[in-house]
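To find a chain, count down the sequence lines: A is the first, B the second, and so on, and within it residues start at 1. The basis for the numbers below is simple: all heavy atoms, side chains too, and nothing from hydrogens, waters or symmetry mates.
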There are 2 protein chains.
Amino acid sequence: MFSKSCEYGLRAAIFIAQQSKLKNKVSLSTISEEINSPQAFTAKILQQLTRNNIIKSIKGPYGGFMVEEEKMSTQLSEIVNVLDGDSIFTGCGLGLKQCDASAPCPLHFEFVEIRERLKKMLENTTLISITDELNIESTILKP
Amino acid sequence: MFSKSCEYGLRAAIFIAQQSKLKNKVSLSTISEEINSPQAFTAKILQQLTRNNIIKSIKGPYGGFMVEEEKMSTQLSEIVNVLDGDSIFTGCGLGLKQCDASAPCPLHFEFVEIRERLKKMLENTTLISITDELNIESTILKP
DNA sequence: TTTAAAAAGGATAAAAAGGTCTTTTAATCT
DNA sequence: AGATTAAAAGACCTTTTTATCCTTTTTAAA
């Protein structure tokens, strides 16, 4: 479904958001431990999220990563878009370049519904909505 | 969503089924032209489908590929399973190895619904059901 | 102002996915 | 039987994804 980068990126963003809510900055090493991801690779992904202004990074002692207040409303679909592009939301299930209602592949109409549902779900889920739930339910971020 | 192999494999299987309904066998070169896929790579995929007894191959002059009558009821989910495995139907959206109702990732419950819907759709769609529609509607198999 | 902590950036490596080419096997037709 | 046609099989190549390592830059604290 998603690339490894995207899976790690989503888990990292959720973890950082969770900690930011508690006013904590978190270091790369903490993040990769908590979400169980390869550290150096995770660093690259966090750089992408930082460049795209989804998370904030602070260098130096007592530095780390955080999600700023106003970025807590970031939709998960934005993170997916940054890391995997939008093909999951718009691409044809059978890989056709031109597939739409006027020239549909055999799966087109049913696929659109599933794609749309996934999209809606990831748009309706934000860092703040997830971290709110994380405290209530017993959800997890590592295997 | 699916790998290239799976996209080509689904398109190929649908095209072969379509032709089998008209009592035609089709050669590799015809298939790769009609579904617009790389020929040698498509050959590998067709081998997998043949080994898994989804399509039948016949060597020699007037040979080619076909879908036997009783295999026309093959579900698309079986083809996906052969070519991509079942992770799309069962895997966690965030890539966690152990993610279920008792220890869910933050997206688990909404993800399950989408996964299930995709699965049901691909189970309910068979080679025969698709080829029936292909004649009626103006669906396409190449870009 | 030196030290140390932490992210950024660049080069490189390993693994997987995507794709090609050549030889072998099987079927058909003179 | 021999020639020809077509898929099977296996070796090989290329690109992308996943991942690591090392150096540089930034910055807080002693």
Side-chain angles (χ1 to χ4, degrees), chain A residues 1-13 16 19-20 24-33 35-68 80 82-85 87-88 94-95, chain B residues 1-13 15-16 19-20 24-33 35-68 80 82-85 87-88 91 94-95:
Chain A
M1 183 73 82
F2 302 129
S3 68
K4 284 282 168 198
S5 292
C6 192
E7 290 175 356
Y8 297 150
L10 287 167
R11 273 147 65 191
I16 298 166
Q19 293 300 312
S20 289
N24 297 334
K25 270 168 291 184
V26 278
S27 69
L28 171 62
S29 63
T30 302
I31 295 168
S32 65
E33 275 166 33
I35 69 171
N36 198 45
S37 65
Q39 183 168 325
F41 189 50
T42 305
K44 297 296 178 194
I45 297 161
L46 295 178
Q47 278 174 39
Q48 288 186 71
L49 295 180
T50 303
R51 278 192 228 108
N52 282 275
N53 201 30
I54 287 169
I55 61 179
K56 191 185 177 189
S57 74
I58 296 153
K59 287 185 180 179
Y62 297 84
F65 295 90
M66 58 176 293
V67 175
E68 289 175 303
V80 171
V82 163
L83 298 172
D84 275 2
S87 66
I88 192 93
L94 299 185
Chain B
M1 182 73 82
F2 302 129
S3 69
K4 283 285 169 198
S5 293
C6 192
E7 290 175 354
Y8 297 149
L10 287 168
R11 273 149 61 190
F15 174 70
I16 298 166
Q19 293 300 311
S20 290
N24 299 333
K25 272 168 289 184
V26 278
S27 69
L28 170 62
S29 62
T30 302
I31 296 168
S32 65
E33 276 167 31
I35 69 171
N36 198 43
S37 66
Q39 183 167 324
F41 189 48
T42 305
K44 294 296 177 195
I45 297 161
L46 295 178
Q47 278 175 39
Q48 288 186 71
L49 295 180
T50 303
R51 277 193 228 105
N52 282 275
N53 202 30
I54 287 169
I55 61 179
K56 191 184 177 191
S57 72
I58 296 154
K59 287 183 182 179
Y62 298 86
F65 296 89
M66 56 175 295
V67 177
E68 288 176 304
V80 170
V82 163
L83 298 172
D84 276 1
S87 66
I88 192 93
L94 299 185

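- For the pair A:Phe41 CZ and C:dT12 C1', the interatomic distance rounds to 15 Å; values are reported in whole Å.
- With hydrogens and angles ignored, no donor-acceptor pair closer than 3.5 Å exists between the side chain of A:Lys59 and the base of D:dA28.
- To the nearest 0.5 Å, atoms CD1 (A:Ile55) and CD (A:Gln48) are separated by 10.5 Å.
- A sub-4.0 Å separation between OP1 or OP2 of D:dA8 and a side-chain N or O of B:Ser57 is present.
- Using a 4.0 Å heavy-atom cutoff across all strands shown, B:Thr50 reaches sugar-phosphate atoms only and no base atom.
- At whole-Å resolution of the value, CD in A:Gln39 and P in D:dT18 are 19 Å apart.
- For the pair B:Val26/B:Met66, no side-chain contact is recorded, criterion being any heavy-atom separation below 4.5 Å from C-beta on.
- Distance, A:Lys44 NZ to D:dT17 P: 16 Å, rounded to whole Å.
- Position along DNA chain D of the nearest nucleotide to B:Val26 versus A:Phe2 favours B:Val26 as the more 5'-ward residue.
- Contact annotation: B:Tyr8 side-chain N/O to C:dG18 OP1/OP2 distance is not under 4.0 Å.
- For C:dA5, neither phosphate oxygen OP1 nor OP2 lies less than 4.0 angstrom from any side-chain nitrogen or oxygen of A:Ser27.
- At whole-Å resolution of the value, CG in B:Leu28 and P in C:dG19 are 14 Å apart.
- One interatomic measurement links the two molecules: CE of A:Met1 to P of D:dT17, which rounds to 18 Å at whole-angstrom precision.
- What separates NZ of B:Lys56 from P of D:dA8 is a distance of 12 Å, to the nearest Å.
- For D:dA8, the OP1/OP2 oxygens have no side-chain nitrogen or oxygen of B:Arg51 closer than 4.0 Å.
- One interatomic measurement links the two molecules: CD of A:Gln48 to C1' of C:dG9, which rounds to 13 Å at whole-angstrom precision.
- Across B:Ile16, B:Leu83, B:Leu49, a single residue satisfies side-chain contact (heavy atoms from CB on, under 4.5 Å) together with B:Ile54, and that is B:Leu49.
- In terms of position along DNA chain C, the nucleotide closest to A:Ala43 lies nearer the 5' end than the nucleotide closest to the other residue of the pair B:Ile58 and A:Ala43.
- Across all strands shown, A:Ser3 has heavy atoms under 4.0 Å from sugar-phosphate atoms exclusively, and none from any base.
- No hydrogens or angles considered: a donor-acceptor pair under 3.5 Å links the side chains of B:Ser37 and B:Thr42.
- Taking atom NZ of A:Lys4 as the reference point, atom P of C:dA14 lies 20 Å away to the nearest angstrom.
- In terms of modelled atom types and a separation under 3.5 Å, the side chain of B:Lys56 and the main chain of B:Phe65 share no donor-acceptor contact.
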